[in-house]
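Remarks on the structure that follows.
Since this is a predicted model, take the numbers as computed values, not measurements. For the numbers below, each heavy atom of this structure counts, side chains included, while hydrogens, waters and symmetry mates do not.
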Amino acid sequence: MTGRCAWVVTKEPLYIEYHDNEWGVPVYDDRQLFEMLCLEGAQAGLSWWTILQKRENYRQAFDHFDTEKIARYTDEKMQSLREDTGIVRNKLKIQSVVTNAKAFLRIQKEYGSFSNYIWSFVDNKPIVNHWRTAKEVPVSSEISDYMSKRLKKDGFKFVGGTICYSYMQAVGMVNDHTLECFCHPSNMRVQK
């Protein structure tokens, strides 16, 4: 019987659900890709657990990550977000969601979808790693560093190399479940 990745150190159902059913699973939906980009940026300097607990609050506060709406946020809306105790009230992180929504919309027009753009960094195919232990899993890679540079050039904020790598893991561009984890593809059984 295999277990879970060693970073799942809590028995919290929300955390386990995230690990078991989301982390490392490929995401191609633009809205979900945008949401995760924003949440990974919000995590900077904090734990993922902190952000995961606030995810529903983020969805409510940011209009379910509707980029068209976010790109038109007024000063009044921005002030209300800075006063919202359900999210991380860092002014720069809040502003980055609006900045990123505008960049996101430009990318969608240029590439047909954000999914087309972001998945091109991995040639449209998830990278499946074979780490034995969590200590082997890197915090960034050449690809995440390159992605970071491109995203910044294209107008995105809070997209450093480490944030990009976490993002790649979260949306399944990289599968970093360790070999001991039942979620690693080599441990998955084909279900009929």
Side-chain angles (χ1 to χ4, degrees), residues 13-15 17-19 21-122 124 126 144 146-174:
L14 182 64
Y15 209 56
E17 171 77 13
Y18 174 74
H19 169 272
N21 298 306
E22 288 186 63
W23 195 72
V25 176
V27 173
Y28 300 98
D29 176 77
D30 273 11
R31 190 207 55 79
Q32 288 177 288
L33 288 167
F34 181 70
E35 174 180 329
M36 290 309 297
L37 187 66
C38 295
L39 294 178
E40 290 294 344
Q43 179 192 348
L46 303 169
S47 72
W48 176 245
W49 178 234
T50 298
I51 301 304
L52 188 60
Q53 292 176 93
K54 295 177 179 285
R55 180 160 62 173
E56 285 304 320
N57 296 334
Y58 269 93
R59 287 173 175 161
Q60 294 301 315
F62 287 99
D63 293 293
H64 297 276
F65 294 97
D66 180 328
T67 50
E68 296 278 351
K69 287 183 181 177
I70 293 170
R72 295 190 308 268
Y73 278 180
T74 62
D75 289 341
E76 291 76 22
K77 174 65 174 178
M78 296 300 288
Q79 183 59 39
S80 74
L81 288 168
R82 287 191 292 274
E83 295 169 4
D84 188 335
T85 58
I87 64 172
V88 175
R89 296 181 292 168
N90 177 296
K91 182 178 180 178
L92 294 175
K93 288 181 180 181
I94 291 169
Q95 181 59 51
S96 76
V97 176
V98 177
T99 300
N100 290 351
K102 292 173 182 176
F104 184 92
L105 291 169
R106 285 192 304 273
I107 292 295
Q108 277 185 319
K109 283 181 185 157
E110 185 176 344
Y111 290 85
S113 73
F114 185 76
S115 181
N116 291 339
Y117 167 83
I118 206 70
W119 276 93
S120 71
F121 289 100
V122 293
N124 302 304
S144 73
Y146 175 68
M147 179 191 292
S148 170
K149 287 177 186 165
R150 278 289 305 279
L151 285 167
K152 288 176 184 176
K153 184 176 178 256
D154 289 328
F156 291 85
K157 302 288 185 194
F158 280 91
V159 288
T162 301
I163 289 171
C164 283
Y165 195 74
S166 292
Y167 177 70
M168 291 171 71
Q169 292 171 315
V171 300
M173 294 171 71
V174 172

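Here the shortest heavy-atom pairing between Ala101 and Ala71 reads CB-N, 4.1 Å. Across Leu92 and Asn90, no two heavy atoms sit closer than the pair N-OD1, 2.9 Å. When every heavy atom of Gly155 is checked against every heavy atom of Arg106, the shortest pair comes out as CA-NH2, 4.2 Å. Nearest heavy atom pair, residue Glu40 against residue Ala170, reads OE2-CB, 3.5 Å. For the residue pair Ala61 and Asp84, the shortest heavy atom distance occurs at CB-OD2, 3.5 Å. Among all heavy-atom pairs drawn from Arg82 and Gln79, the shortest one is NH2-OE1, 2.9 Å.
Rounding to the nearest 0.5 Å places OG of Ser144 at 11.0 Å from CZ of Phe121. Taking NZ of Lys157 as the start and CD1 of Ile163 as the end, the distance is 12.5 Å to the nearest 0.5 Å. In this structure, CD in Glu22 is found 6.5 Å from CE in Met36, a value given to the nearest 0.5 Å. The CG atom of Leu81 lies 11.5 Å from the CZ atom of Arg89; values are rounded to the nearest 0.5 Å. The distance from atom CG of Leu33 to atom SG of Cys38, rounded to the nearest 0.5 Å, is 11.0 Å. To the nearest 0.5 Å, atoms CD1 (Ile94) and OG1 (Thr99) are separated by 12.0 Å.
Tested against Leu151, the residues Tyr146, Tyr117, Phe158 include a single side chain to side chain contact (heavy atoms under 4.5 Å, CB included) partner, Tyr117.
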Checking Ile107 against Phe156 for the side chain to side chain contact (heavy atoms under 4.5 Å, CB included) test, could you report, in this order, the C-alpha distance in whole Å, the side-chain angles of both residues, the deciding distance, and whether it holds? CA-CA 11 Å; Ile107 292 295; Phe156 291 85; 4.0 Å; yes
Please walk me through it: do Val171 and Tyr28 pass side chain to side chain contact (heavy atoms under 4.5 Å, CB included)? CA-CA 8 Å; Val171 300; Tyr28 300 98; over 6 Å; no
Run Leu46 and Lys54 through side chain to side chain contact (heavy atoms under 4.5 Å, CB included) and show every step you take. CA-CA 12 Å; Leu46 303 169; Lys54 295 177 179 285; over 6 Å; no
Verdict with supporting geometry, Leu105 and Glu110, side chain to side chain contact (heavy atoms under 4.5 Å, CB included): CA-CA 9 Å; Leu105 291 169; Glu110 185 176 344; over 6 Å; no
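In this structure a side-chain-to-backbone donor-acceptor pair under 3.5 Å is missing from Asn116 to Gly112. For Trp119 (side chain) and Val27 (main-chain N/O), a donor-acceptor pair under 3.5 Å exists by modelled atom type. Within the 3.5 Å criterion, the main-chain N or O of Cys164 finds no donor-acceptor partner in the side chain of Ser148. When atom types are taken as modelled, the side chain of Lys93 and the backbone of Ala44 share a donor-acceptor pair closer than 3.5 angstrom.
Glu56 meets the side-chain hydrogen bond (donor to acceptor under 3.5 Å, both in side chains) test with Arg59; sequence neighbours excluded.
For the pair Pro126/Val174, no side-chain contact is recorded, criterion being any heavy-atom separation below 4.5 Å from C-beta on. Between Arg55 and Ile51, the closest side-chain pair of non-hydrogen atoms is not below 4.5 Å. Contact of the Leu14 side chain with the Leu52 side chain is registered, since non-hydrogen atoms from C-beta on lie closer than 4.5 Å. Met168 is not listed as a side-chain neighbour of Ile118, based on a closest heavy-atom distance of 4.5 Å or more. Residues His64 and Ile70 have side chains not in contact (no heavy-atom distance under 4.5 Å, counting atoms from C-beta outward). Side-chain contact check for Leu39 versus Phe65: some heavy-atom pair is nearer than 4.5 Å.
Ring centroids of Trp48 and Tyr18 are separated by less than 6.0 Å, placing the two rings close together.
For Ser47 and Thr50, the side-chain atoms include at least one donor-acceptor pair closer than 3.5 Å.
Within the structure, the ring pair (Phe, Tyr, Trp, His ring centres under 6.0 Å) test picks out the following pairs touching residues 77-104 (sequence neighbours left out): Phe34-Phe104, Phe104-Phe114.
Under a 4.0 Å N-O distance rule, the pair Arg31/Glu35 qualifies as a salt bridge.
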